[in-house]
Amino acid sequence: MKILEGNNKIEIAELDFFNPEHIFKCGQAFRWIEEEDGSYTNVAHNKIINVSKGENIVIDNSSLEDFQSIWMDYFDLNRDYGALREELSLDETLKNAMEYGSGIRILNQDPFETIITFIISANNQIPRIKNSVAKISEMYGSKIGSYGGREYYSFPSSDELSRAKVEDLREFARVGFRDERIVKTSKLISEGAVDLNSLYEIPLEDARRELMKLPGVGPKVADCVLLFAFKRSESFPVDVWIKRVMEELYLKKDTNKNLIADEGRRIFGKNAGFAQQYLFYYGRENNLGR
DNA sequence: GTCCAGGCCAGAC
DNA sequence: GTCTGGCCTGGA
């Protein structure tokens, strides 16, 4: 990997395992906007950046300092995905899935934003999840600036979102029955009843149980949050798609979600989260098991 | 009109 | 502890 500094942009040369389309469409993030030229724009850490892939990976609208202090970690660039592929490829099924979703990286996203986003994802559809998250940012976040003719807003803090009215969330952000869950969860976090900062170092099961104190956070959402925001690559979120894929390719029989999560962690170990992500993308894009 | 989508929750056993 | 029905919403 070679970092080249340009005019308010960073170019990364000699980086394998980075495919923006797969990274942003594999279901871990819901705010990246695809531009007409195939690049992607979003705001994170109160900064707007645009990501594209040509010969090099280009991160536009970023200083070298921001790249090093923010985006290196956000895009998981410190991880050796080559080594990861070696390990996962021992499993033939996984090898295929990983080839299919080549260049998926697991982002390290903001915990609170991830929690709210995945509360919204329950029994929902991706286009609607995206709309709700965008609307919530507009309504309760702060305007950061504009890029490519669009305005961008930060995702609100727990404090900001705890003051939202449930009826506004329902009427304008179209979150339906998830309205109360969003406000209650925001309150619990802003009041410190659930301390997100304490979740990094404690055992996975404890962190999971702590997250599940939040209304709207069940086993699946907790696992997604642990994987996408807390670097817990050993967690194995089980949604309907993973259930189908695991039943079809591994277990060969109808199995309840808890058992599938146990099996996932048993089979894939510390890389369970990565396995999950590749299997999910592979299964969903190919309509496996339907 | 009916069905269902990247789950959660409450209530029933 | 395990299982089931219902849930906002909007597009098929």
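Letters go in sequence order (proteins before strands), and every chain restarts at 1.
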> Tell me who clusters with A:Leu4, hydrophobic residues only, linked when side chains sit under 4.5 Å apart either directly or through other members.
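Same cluster as A:Leu4: nobody, lone residue.
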> Below 4.0 angstrom from OP1 or OP2 of C:dC3, is there any side-chain N or O of A:Asn256?
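A:Asn256 to C:dC3 OP1/OP2: side-chain N or O found under 4.0 Å.
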> From the list B:dC9, B:dG6, B:dC8, which nucleotide is the closest neighbour of the side chain of A:Cys224?
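Comparing B:dC9, B:dG6, B:dC8 against the side chain of A:Cys224, the answer is B:dG6.
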> Take atom C1' in C:dG10 and the same atom in B:dC9, then report the distance between them in whole Å.
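Result for the C1' pair: 23 Å, nearest Å.
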> Can you check the A:Ile115 CD1 to B:dC8 C1' distance for me, whole Å?
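Result: 15 Å.
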> Can you check the A:Asn287 CG to B:dA5 P distance for me, whole Å?
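In whole Å, B:dA5 P lies 11 Å from A:Asn287 CG.
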> I'd like to compare against my own output: the B/S/- annotation of nucleotides 5-11 of chain C with a strict under-4.0 Å heavy-atom distance to protein.
--BBBB-
> Are the side chain of A:Asp91 and the backbone N or O of A:Thr93 linked by a donor-acceptor pair below 3.5 Å?
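Checked: pair present.
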> Touch check for A:Gly27, heavy atoms < 4.0 angstrom, all strands: base, sugar-phosphate only, or nothing?
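It contacts base atoms.
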> Both A:Arg284 and A:Val217 contact DNA chain B. Taking the nearest nucleotide for each, which residue is further toward the 5' end?
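The 5'-side residue here is A:Arg284.
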> Whole-Å distance between B:dG7 C1' and A:Phe118 CZ?
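In whole Å, B:dG7 C1' lies 12 Å from A:Phe118 CZ.
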> Would you kindly give the CD1-to-P distance between A:Ile116 and B:dG7, to the nearest whole Å?
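Distance check: A:Ile116 CD1 to B:dG7 P gives 18 Å.
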> May I ask you to say what A:Ile126 touches in the nucleic acid, namely base, sugar-phosphate or nothing, with a heavy-atom cut-off under 4.0 Å?
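Touches a base.
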> Identify which one of A:Trp32, A:Phe24, A:Tyr147, A:Phe75 satisfies the ring-ring contact (aromatic ring centres under 6.0 Å, His included) criterion when paired with A:Tyr40.
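It is A:Phe24; the other options fail the test.
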> Taking OP1 and OP2 of B:dG6, is either one under 4.0 Å from a side-chain nitrogen or oxygen of A:Lys220?
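Looking at the OP1 and OP2 atoms of B:dG6, neither is under 4.0 Å from any side-chain N or O of A:Lys220.
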> Report which part of the nucleic acid A:Pro219 touches: base, sugar-phosphate, or nothing (heavy-atom distance under 4.0 Å, all strands).
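The residue A:Pro219 makes sugar-phosphate contact but no base contact.
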> Establish whether A:Tyr74 and A:Leu196 are linked, either directly or via other cluster members, by ILVMFWY side-chain heavy-atom contacts under 4.5 Å.
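In one cluster with A:Tyr74: A:Leu196, no.
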> Give me the distance, rounded to whole Å, that separates C:dT2 from B:dG6 when you measure between the C1' atoms they each carry.
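One C1' to the other, the span is 23 Å.
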> Separation of A:Phe24 atom CZ from B:dG6 atom C1', in whole Å?
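So the CZ-C1' distance, A:Phe24 to B:dG6, works out to 19 Å.
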> Is there a chain of hydrophobic side chains (I, L, V, M, F, W, Y, each step under 4.5 Å between heavy atoms) that links A:Val240 to A:Tyr282?
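Both belong to a single hydrophobic cluster.
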> Rounded to the nearest Å, what distance is computed from the NZ atom of residue A:Lys213 to the C1' atom of nucleotide B:dC8?
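Interatomic distance, NZ of A:Lys213 to C1' of B:dC8: 18 Å.
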> Answer yes or no: does atom CZ of A:Arg85 have more than 12 heavy-atom neighbours from other residues, nucleotides or ligands under 6.0 Å?
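No, the 6.0 Å shell around CZ holds no more than 12 heavy atoms from other groups.
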> Remember a base hit wins even if backbone is also touched, and classify A:Pro127 as base, sugar-phosphate or nothing at under 4.0 Å, heavy atoms.
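No contact.
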> Pick out which of A:Asn256, A:Thr255, A:Ile260 makes a side-chain contact (heavy atoms from CB on, under 4.5 Å) with A:Asn258.
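Among A:Asn256, A:Thr255, A:Ile260, the one that satisfies the side-chain contact (heavy atoms from CB on, under 4.5 Å) with A:Asn258 is A:Asn256.
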> Under 6.0 Å from the ring centre and within 45 degrees of the ring axis: does the NZ or CZ of A:Arg31 meet both conditions for the six-membered ring of A:Phe155?
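Not flagged: A:Arg31 not positioned over aromatic ring of A:Phe155.
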> Could you run through DNA chain C and flag its stems, i.e. three or more consecutive Watson-Crick or G-U pairs with both distances under 3.5 Å?
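The stems are B:2-5 with C:9-12, B:7-13 with C:1-7.
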> Within a reach of under 6.0 Å around CD of A:Glu167, are more than 12 heavy atoms found that belong to other residues, nucleotides or ligands?
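Yes - once you tally the heavy atoms of other residues, nucleotides and ligands closer than 6.0 Å, there are more than 12.
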> Starting at NZ of A:Lys25 and ending at C1' of B:dG6, how long is that distance when rounded to a whole Å?
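Spelled out: NZ on A:Lys25 to C1' on B:dG6 is 17 Å.
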> Given A:Glu160 and A:Ser142, is the side-chain contact (heavy atoms from CB on, under 4.5 Å) satisfied, shown in steps?
CA-CA 10 Å; A:Glu160 289 168 323; A:Ser142 313; 4.0 Å; yes
> Write down the distance between CG (A:Asp179) and C1' (B:dC8), rounded to a whole number of angstrom.
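Whole-Å distance recorded here is 14 Å.
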> Could you check A:Pro215 against A:Ile129 and say which one's nearest nucleotide on DNA chain B is further toward the 5' end?
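Looking at DNA chain B, the more 5' nearest nucleotide goes with A:Ile129.
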